[in-house]
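Nothing here was measured: the structure is a model prediction, and the numbers come from that model. Numbers here are sequence positions counted from 1. Note that ligands are numbered from 1 as they come in the structure, with each ligand's atoms numbered from 1 the same way.
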Amino acid sequence: MSQTMKALVLNAHGGLDQLSVVHDKPVPQATPGHVVVRVRASSFNYHDVFTVQGMPGIKVPLPVIIGLDLAGDIAEVGADVEGWKAGDRVLVNPLNREKGLMGEMLDGGMAQYCLVSAAQLLPLPANVTYEQAAALPVAYGTAHRMLVTHRTVQAGDKVLILGASGGVGTASVILAKRLGAEVIACASGADKLARLREIGADHVVDYRETDFSKWAIQQYGKPQRRGTEGGVDVVVNFTGGDTWVPSLRCIRRGGILLTCGATAGYDPKEDLRYIWSFELTVKGSNSFYDENLLALLDQVDRGEIAPLIDRVVPLEEAAEGLAAIRDRKVIGKIIVAP
Ligand SMILES: C/C=C/C(=O)SCCNC(=O)CCNC(=O)[C@H](O)C(C)(C)COP(=O)(O)OP(=O)(O)OC[C@H]1O[C@@H](n2cnc3c(N)ncnc32)[C@H](O)[C@@H]1OP(=O)(O)O
Ligand SMILES: NC(=O)C1=CN([C@@H]2O[C@H](COP(=O)(O)OP(=O)(O)OC[C@H]3O[C@@H](n4cnc5c(N)ncnc54)[C@H](OP(=O)(O)O)[C@@H]3O)[C@@H](O)[C@H]2O)C=CC1
């Protein structure tokens with residue numbers, strides 16, 4: 001194994017110019033309870049944009065190698081690790097139970113090698129590529145926990161998804177369709193809408209041109225205070241900002257507003273009247289567990305779902321990939337091949 005490696009390092013919070021590709025990062029050595037993974041694919045999430053910018057109250061130990069999602073082969077096994085050997089194909093659950101998220105609180109996947117606790121390893125099934133696997137944890141794991149673990153979506157539900165073109169968004173479209181829902185995918189731009197139709201969206205709405213809330217009320221009727229007629233059953237909203245109140249307005253009585261993030265702002269204007277008048281549930285969902293990732297790996301292995309990959313870029317072009325996420329120029333996931 002060579003002694004140095006390439007990695008995408010965040011040096012200080014700020015803009016994407018704070019990221020640099022370094023070629024002389026020491027290759028980590030396996031410590032007790034840990035393995036070194038040779039990274040074959042990693043992927044970006046909007047979380048990486050937040051990590052670069054810095055989040056209030058979140059103290060990132062800088063410099064740090066960014067990137068939460070990674071898949072690869074075990075290169076070296078440390079002492080006290082059982083059940084794993086060099087050469088095993090693995091997916092890594094980015095949540096380290098002691099230290100927090102990889103790519104934020106400890107070095108992550110945008111590197112040629114990565115030190116990983118053995119407790120975070122999952123076996124990669126034969127039919128799942130490294131690129132597919134690296135697309136799964138944060139985006140699909142989060143959507144799976146939100147829709148499946150919490151049982152928020154049932155067959156026949158009308159599910160309106162905001163930010164449907166992104167990682168969690170496309171995952172939510174794919175998983176909601178699998179659950180038998182009628183999916184309304186909201187995104188910006190004709191190319192995104194066309195792709196969302198291809199992955200199963202029943203309706204697409206360009207919410208930069210059309211008020212999605214009014215669209216839903218026109219399509220399904222105004223939510224009623226008695227009965228459950230009108231509106232949609234579920235809104236998936238990880239956008240926040242000025243999408244919050246319109247989301248409340250188009251949900252049927254007794255329906256659910258799901259939140260797992262706030263790309264456009266975490267302190268939106270609120271309107272409590274809709275929550276009580278229509279007996280809405282605002283349900284939060286955070287991250288994912290091994291059970292979510294194992295279920296997803298199995299579905300990909302069987303060919304039941306396929307994560308939507310926008311493009312695969314080399315590590316040298318990774319920062320441009322993250323810029324595309326920041327600038328909303330992505331449909332699905334950006335994979336990095338280090
Ligand atoms: C796999 C995941 C992917 C994702 O993309 S998740 C979405 C991105 N992640 C986030 O946005 C992080 C969300 N979580 C948090 O921000 C924090 O988990 C909470 C604020 C929810 C809770 O933090 P806590 O440490 O448990 O509680 P506190 O004591 O309320 O806040 C800690 C410190 O943070 C300061 N703080 C909180 N909000 C703000 C703000 N808006 N502006 C400035 N400071 C803020 C507080 O004052 C305090 O600081 P002092 O300890 O020094 O008193
Ligand atoms: N709590 C948790 O465990 C998790 C939370 N999250 C959160 O979910 C959100 C989505 O994450 P992810 O799927 O990785 O992000 P992506 O960038 O892949 O997708 C987000 C989508 O939201 C839309 N969007 C709407 N408003 C904005 C805005 N102001 N800025 C940027 N995009 C916007 C964009 O689509 P369009 O241009 O079509 O509107 C974009 O495609 C993030 O806020 C993230 O932090 C993600 C994973 C786990």
Geometric cation-pi criterion, Arg89 with Tyr130: 6.0 Å, 45°: yes

Phe288 contact mode with ligand 2 (heavy-atom cut-off under 4.0 Å): neither

Lys/Arg N to Asp/Glu carboxylate O, Asp242 vs Lys269, below 4.0 Å: no

Salt bridge present between Arg195 and Asp191 (N-O < 4.0 angstrom): no

Under 3.5 Å: N/O of Gly163 near N/O of ligand 2: no

Check against side-chain hydrogen bond (donor to acceptor under 3.5 Å, both in side chains), Tyr140 and Gln299: CA-CA 11 Å; Tyr140 288 74; Gln299 288 171 18; over 6 Å; no

Ala139 touching ligand 2 at heavy-atom level, < 4.0 angstrom: no

Enumerated ligand 2 atoms positioned under 4.0 Å from heavy atoms of Cys260: 1 (N), 2 (C), 4 (C), 5 (C), 6 (N), 7 (C)

Sub-4.0 Å atoms of ligand 2 with respect to non-hydrogen atoms of Ala264: 29 (N)

Gly261, any N or O under 3.5 Å of ligand 2 N or O: no

Sub-4.0 Å atoms of ligand 2 with respect to non-hydrogen atoms of Asn45: 14 (O)

Val168, Leu101, Thr142, Leu322: member with heavy atom nearest to atom 48 (C) of ligand 2: Thr142

Arg208/Asp206 ion pair, N-O < 4.0 Å: no

Those atoms of ligand 2 less than 4.0 Å from some heavy atom in Ala262: 43 (O)

Lys333/Glu131 ion pair, N-O < 4.0 Å: no

Close N or O approach (Ser188, ligand 2; < 3.5 Å): yes

Polar proximity ligand 2 side, Tyr207 side, N/O cut 3.5 Å exclusive: yes

Close-contact set for ligand 2 against Ala187 heavy atoms, below 4.0 Å: 38 (O)

Numbering as shown, the atoms of ligand 2 that approach Gly167 to under 4.0 Å (heavy-atom distance): 13 (O), 16 (P), 18 (O), 19 (O)

Reference residue Ile161; test side-chain contact (heavy atoms from CB on, under 4.5 Å); the match among Leu258, Val236, Asn237: Val236

Trp244 vs Val282 side-chain heavy atoms within contact, under 4.5 Å: yes

Residue pair Met102, Glu104: steps toward the side chain to side chain contact (heavy atoms under 4.5 Å, CB included) verdict: CA-CA 5 Å; Met102 295 178 66; Glu104 183 188 69; over 6 Å; no

Residue Ser287 vicinity, atoms of ligand 2 by number, heavy atom under 4.0 Å: 2 (C), 3 (O)

Per-atom contacts of ligand 2 with Thr239, taking only distances under 4.0 Å to non-hydrogen atoms: 25 (C), 26 (N)

Parallel, tilted or perpendicular: ring planes of Tyr46 versus Phe50, cut at 30 and 60 degrees: perpendicular

Contact partition for Lys192 relative to ligand 2, non-hydrogen atoms under 4.0 Å: side chain

